[in-house]
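Below is one structure, written out as structure tokens; comments come after it.
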Amino acid sequence: MKTNIGVFFGGRSTEHEISVISASQAMHAINREKYDVTPIYISKQGKWYTGEALFDVANYRDVPALLAKCEEVYMRPIYDDYNLYKTKKSLFGSNVFTKLDVVIPVLHGSNGEDGIFEGVLESTGIPFAGCNTLSSANGMDKITMKMILQACDVPVVDYVWFTDKQWFSQREQLIAKLEEKIGYPVIVKPANLGSSVGIGRAIDRSQLIEKVDEAEKYSTRIIVEHMVEELQEINCSVLGDCDDFQPSVCEEPIKSGEILSYEDKYMGGTKGVKGMQASQKRIPAELPDDETKRIQFLACETFRVLSCHGVSRVDVIIDKTTRNIYVNEINTIPGSLSFYLWEATGLSFDKLMDKLVQLALKRKRESAMKTVSYDQNIFSLGGGVKGTKGKLK
Ligand SMILES: Nc1ncnc2c1ncn2[C@@H]1O[C@H](COP(=O)(O)OP(=O)(O)O)[C@@H](O)[C@H]1O
Ligand SMILES: [Mg+2]
């Protein structure tokens, strides 16, 4: 019997479509002599579907027609239950559509890359590739991530952060603090989105107010960062787990404006809508050796201190005036799973998928070796329980 890999994608995220493309690429790369693949598409409404038609990206032009050909399914958050169940009750026979062995989440952004979906997987105990709930959540939130990196001596740009409620109640104090700590120009970001959604730059107070009002539409948590005016952006992927990891070659994405936009990232400038390979990039990035090494080191440090797993991509910013390097963000489920960086490093896409499965199984073996200390029933030891007088004796 082949190992059955469940690939989850789509999801309730602004990066839904990108996830469909990444997952399609990943599913086609999996070695089918060794593995079976079960695609599980999460609709924008949050429902789960499976079916052969989900393999072909062209079918997503008409999602209702596509879903009509698919089976709605679910998993139960029950430990050790790896079954995918059909939502429609069958009159006869089993409700089980298939049993998964390993899961590879290829969900980008909210409800997928932020630990929410990973929590569902952890509840079942199924082996899965990629960050667990904790590291996904820490990596996704731009504020929490920067706090952890700072505490671990990984350089990040200066920033301040606040909630939308604070922005309404203490705007004057926040602006004063921000102007004193970082000054202008600044970049304003919602803390937990990707793909440059809700991000804006401000060169003075009135623009700042405008951009925070905009960012606040997307998130309750806002981060305002020192803007590196003359910047070079470099990305580096890391593969492994926090004990054993390696960096890929570096890439330099090419942008058309001040900020690397959604169009730059996914549509190859503003010309085609061809998915992520279409976006312009230089691989490997043309950098002096010592800078490449430093970026690879910082990418690995970011991966390690956040306790990441699987394949991540760490994006850094180089200040061209000082050549200082800052970690900007980590993408714990990167676009196209960064396969093009691994190909350039000498690891083919099918081997990358194989490695992800091996990492998933390794983590499962390791967690099975940890002591589980809730086997004892304290109620059986006798005695009372404080605060439950009369009820538990
Ligand atoms: N501190 C900064 N200084 C200058 N440009 C920045 C800064 N932070 C982000 N940018 C620009 O904005 C883009 C998007 O920001 P990023 O933090 O990567 O968010 P996202 O998660 O949406 O990709 C970056 O790729 C870069 O072009
Ligand atoms: Mg980015």
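The basis for the numbers below is simple: all heavy atoms, side chains too, and nothing from hydrogens, waters or symmetry mates. Remember, it's a predicted structure, so these values are computed and weren't measured experimentally. For ligands, and for the atoms within them, numbers begin at 1 and follow the listed sequence.
Only the side chain of Glu329 comes within 4.0 Å of ligand 1, judged by heavy-atom distances. If you look at Ile317 next to ligand 1, the close heavy atoms, those under 4.0 Å, all belong to the side chain. Here Lys142 has side-chain heavy atoms under 4.0 Å from ligand 1, and that is the only part of it that gets that close. Only the side chain of Asn328 comes within 4.0 Å of ligand 1, judged by heavy-atom distances. When heavy-atom distances to ligand 1 are checked against a 4.0 Å cut-off, Arg201 has no atom that comes that close, whether in backbone or side chain.
Because its NZ or CZ atom is both nearer than 6.0 Å to the ring centre of Tyr159 and within 45° of the ring axis, Lys181 counts as a cation-pi partner of that residue.
Interatomic distance, Asp101 CG to Met1 CE, rounded to the nearest 0.5 Å: 7.0 Å. To the nearest 0.5 angstrom, Ser135 atom OG is 9.5 Å from Ile148 atom CD1.
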Taking distance alone, no hydrogens or angles, what donor-acceptor pairs closer than 3.5 Å link side-chain atoms of residues 240-247 to residues at least two apart or in another chain?
unit_1 : atom_1 : unit_2 : atom_2 : d
Asp241 : OD1    : Asp243 : N      : 3.1
Asp241 : OD1    : Asp244 : N      : 3.0
Asp241 : OD2    : Lys362 : NZ     : 2.6

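Taking the six-membered ring where tryptophan is involved, the planes of Tyr41 and His16 are perpendicular, since the angle between them exceeds 60° and thus also 30°.
Looking at Met140, Met227, His226, it is His226 that brings a heavy atom closest to atom 1 (N) of ligand 1.
At least one N, O or S atom of Glu329 sits under 2.8 Å from the Mg ion (ligand 2).
Near Leu231, meaning under 4.0 Å from one of its heavy atoms, ligand 1 places the atoms 4 (C), 5 (N).
Considering backbone and side-chain N/O atoms, Glu233 comes within less than 3.5 Å of an N/O atom of ligand 1. The N/O atoms of Val228, backbone and side chain alike, include one that comes under 3.5 Å of an N/O atom in ligand 1.
Within the structure, the salt bridge (Lys or Arg N to Asp or Glu O under 4.0 Å) test picks out the following pairs touching residues 72-90 (sequence neighbours left out): Arg76-Asp81.
Remark: the backbone N or O of Phe128 is paired with a side-chain donor or acceptor of Arg363 at under 3.5 angstrom. Not one N or O on the side chain of Thr345 forms a donor-acceptor pair closer than 3.5 Å with the backbone of Leu347.
Note on ligand 1: Ile199 sits in its first shell, one or more heavy atoms being nearer than 4.0 Å.
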